[in-house]
Amino acid sequence: MEHKRRSKIIDVLKSKSFGSEILIKGWVRTKRGNKNINFIALNDGSVIHNLQVVVEVARFDENLLKQVTTGSCISVKGTLVESMGQGQHVEVQAKEIEVYGTADPETYPLQKKGHSLEFLREIAHLRPRTNTFGAVLRIRHAMAYGIHKYFNDHGFCYIHTPIITGSDAEGAGEMFRVTTLDGDNPPRLPDGHLDYTQDFFGKETNLTVSGQLEAELGAMALSLVYTFGPTFRAENSNTPRHLAEFWMIEPEMAFYDINDNMDLAEDFLKFLMQYALDHCMDDLEFLNKMYDNELIDRLKSVINSRFERLTYTRAVEILMASGQSWEFPVSWGADLQAEHERYLVEKHFGKPVILTDYPRDIKAFYMKQNEDGKTVRGMDVLFPKIGEIIGGSQREENLDALMRRIQELHIPEKDVWWYLDTRKFGTAPHAGFGLGFERLILFVTGMANIRDVIPFPRAPKNAEF
RNA sequence: UCCUCCUUAGCUCAGUUGGUUAGAGCAUCUGACUGUUAAUCAGAGGGUCGCAAGUUCAAGUCUUGCAGGGGGAGCCA
């Protein structure tokens, strides 16, 4: 029995083997034509472009062709030919068509005409079949691969940190509880509190808000490590830049100080932008045309710019001298507001900015304390359009200094004894940062809402699909 | 969570100072057309105006509450 292998449309479109027999499979985007000839635009997700299938109506059963509608899935055997029409170089002259799955045109939600992104969010199970989400998902894949490639090529070891954590000391926000206790009738202690000793892990557990503390443990053995996994925040954040479930990349490097950390962050981001330009140009051109006319120029400009590095203190001086009127006043010691960051990145410098040496009271306990007693060696990378894309720091490796901070902030020592042990046994200067994967994808795709760069977004009041 | 705007046909929207039978484009269906490119042309079908209550002779339109969504802010990645 003859068995022919399916060709991917991305390869067919590049092929010049005119006259050869090929087999293609995919989903119908549109069908048009007249009673003599039909044109089917077929897409299999391998590339944003469709392959045109030419159907001589007389050669096929009428009922078969009736089933070929927008959204249906078909298999086509035919001859690869040079296109007689405009708009494409190659097309397939159909000889056999098999319908795998019909799609009732009366009820299939996707039309050949464009849909709003808001509507597509309501049909997230079908939106990968659109040009936009095909492009976003291919870019998202390329960025995930590029991240692993970058770290692998630079001698980093990929560490899998736990999704379920028994520590609530990470201090990165509200957590989702993980439990097998009976929600209707949970065991309670005499004082009324839940009795977690009867829970699955014998203690209170949550979904992770960061893999950083565990990544630091890895860096204290393997020197260069990174995590890349899901992260969960139970914050009631309703913005185009926040998700309850998102993916984060967290490299952690022994023997790096904050300047090494900044060098890595800048080089890493530029590598990823270049990787997108090198491997996703078809998709970027589509997004550039449909959503953001400056997208490709912006990616190139980031690659070619030197990120501006300055201290928080210097940034405050610039903001106070700017003559701008702020909704929130600028003062040393207060966290910078979105409007302040945007001014620095988009107006004052016109390129990515890395702010360092923040007041210690507005930053996490693990950041390396400076000699001035007021600031810590934190760093935030601020990007145009999306704001903070990376947050990181040199870590406090001195046990006494770290202990003082933990006591000041009333962090229970019993929860972080294992973290403190790294400072007790062979401590080393080290640094790291966290990159929000979806924020990276936002920047690289030019999409405006973070719910449109993850297949199935999780956000307050939204866990469908 | 706060501020603000929105919710009318499958989709995107219009709907006047409250007034009789709620409109358009696209999509869908039927027909026409010998190579189309978001094909084109002609015709047809398609609505509990987000949900609930209230004001009024009369509510898509005004008021209140609730739900969902967009934008901005906070929290952050």
Side-chain angles (χ1 to χ4, degrees), chain A residues 29-41 49-58 66 69-71 81 83-88 91 93 103-123 131 170-174 209-212 228-250 265 290 326-328 335-342 362-364 380-383 386-392 433-443 448-454 459-462 464:
Chain A
R29 287 296 176 76
T30 72
K31 186 178 76 170
R32 51 179 176 263
N34 52 50
K35 66 180 168 193
N36 297 299
I37 189 164
N38 279 183
F39 301 93
I40 299 167
H49 307 297
N50 301 325
L51 178 62
Q52 174 154 284
V53 176
V54 183
V55 180
E56 283 175 44
V57 173
K66 248 185 177 160
T69 60
T70 298
V81 297
S83 179
M84 294 154 72
Q86 306 290 309
Q88 62 279 319
E91 62 191 21
Q93 202 78 39
D104 178 6
E106 295 278 5
T107 52
Y108 183 63
L110 290 171
Q111 302 166 176
K112 44 187 139 185
K113 203 160 170 167
H115 291 290
S116 69
L117 293 169
E118 290 85 356
F119 173 68
L120 292 175
R121 262 170 236 154
E122 295 171 8
I123 51 166
N131 286 334
E170 284 136 348
E174 294 296 312
V209 293
S210 165
Q212 179 199 317
F228 184 0
T231 310
F232 307 87
R233 306 264 169 100
E235 300 286 353
N236 192 11
S237 298
N238 292 288
T239 85
R241 295 179 306 284
H242 291 84
L243 290 167
E245 176 182 297
F246 63 100
W247 289 66
M248 189 154 63
I249 299 100
E250 295 175 289
M290 300 300 288
W326 309 107
E327 188 183 345
F328 298 92
D335 218 346
L336 297 183
Q337 304 293 313
E339 57 174 337
H340 307 141
E341 296 180 348
R342 203 169 298 133
I362 60 172
K363 287 293 181 184
D380 285 356
V381 180
L382 309 179
F383 258 39
I386 55 172
E388 184 180 342
I389 192 169
I390 277 179
F433 60 80
L435 167 68
F437 186 52
E438 284 76 18
R439 291 200 180 163
L440 171 76
I441 307 303
L442 272 181
F443 188 77
N449 192 312
I450 202 163
R451 298 174 194 204
D452 297 331
V453 296
I454 187 169
K461 299 283 193 288
N462 189 349
E464 194 66 50

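Just so it is clear, the structure is predicted and the values come from calculations on it, not from any experiment. Below, chain A is the first sequence line, B the second, and so on; all start at residue 1.
The side chain of A/Q337 approaches B/G74 more closely than any other nucleotide in the set B/G74, B/C33, B/A77. Looking at the side chain of A/T239, the nearest of the listed nucleotides B/C11, B/A73, B/G35 is B/A73. Counting only heavy atoms from C-beta on, A/E388 has its side chain closest to B/A77 among B/U28, B/A77, B/A27.
Residue contacts for A/E339: at a heavy-atom cut-off of 4.0 Å it reaches no nucleic acid atom on any strand shown. Residue contacts for A/P109: at a heavy-atom cut-off of 4.0 Å it reaches no nucleic acid atom on any strand shown. The residue A/M84 sits close to a base: some heavy atom pair falls under 4.0 Å. Using a 4.0 Å heavy-atom criterion, one finds that A/E91 contacts the bases of the nucleic acid, with or without backbone contacts as well. Within 4.0 Å of A/Q52, counting heavy atoms only, lies at least one base atom of the nucleic acid. Residue A/E118 is classed as a sugar-phosphate contact, given heavy-atom separations below 4.0 Å to backbone atoms only. Using a 4.0 Å heavy-atom cutoff across all strands shown, A/T30 reaches sugar-phosphate atoms only and no base atom. Contacts of A/G33 with the nucleic acid, taken as non-hydrogen atoms under 4.0 Å apart, include base atoms. Among the heavy atoms of the strands lying under 4.0 Å from A/A338 are primed sugar atoms or P, OP1, OP2 only; no base atom is included. At the heavy-atom level, A/I389 lies under 4.0 Å from the strands shown only through sugar-phosphate atoms. In this structure, A/I249 reaches neither bases nor backbone, as no heavy-atom distance under 4.0 Å exists between it and the strands shown.
Taking only distance into account, the side chain of A/H115 never meets the base of B/C11 through a donor-acceptor pair shorter than 3.5 Å. A donor N or O paired with an acceptor N or O is found under 3.5 Å between the base of B/U36 and the side-chain atoms of A/Q88.
Using a 4.0 Å cut-off, some side-chain N or O of A/N34 falls inside it from OP1 or OP2 of B/G35. A/R342 has no side-chain polar atom (N or O) that falls below the 4.0 Å cut-off from OP1 or OP2 of B/G72. Taking only side-chain nitrogens and oxygens, A/R32 never comes nearer than 4.0 Å to OP1 or OP2 of B/G35. Taking 4.0 angstrom as the limit, A/N238 places none of its side-chain polar atoms (N or O) nearer than this to OP1 or OP2 of B/C2. Residue A/S237 places no side-chain N or O under 4.0 Å from the OP1 or OP2 atom of B/C76. The phosphate of B/A67 (OP1 or OP2) has no side-chain N or O of A/K461 nearer than 4.0 angstrom.
Taking a centre distance below 5.5 Å and an interplanar angle below 30 degrees as the stacking criterion, A/F246 stacks against the six-membered base ring of B/A77.
A/N38 has its CG atom 13 Å from the P atom of B/U36, to the nearest Å. Nucleotide B/A44 holds its P atom 17 Å from the CD atom of A/E106, rounded to whole Å. Atom pair A/W326:CH2 and B/A73:P shows a separation of 13 Å (rounding to whole Å applied). The CD-P distance, from A/E250 to B/A77, rounds to 9 Å in whole Å. We find that CZ of A/F119 is positioned 18 Å from P of B/C26, with the value rounded to whole Å.
B/U48 and B/C6: their P atoms are spaced 23 Å apart (whole Å).
Pairing for B/U16 is absent, judged as Watson-Crick or G-U wobble with the two contacts each under 3.5 Å.
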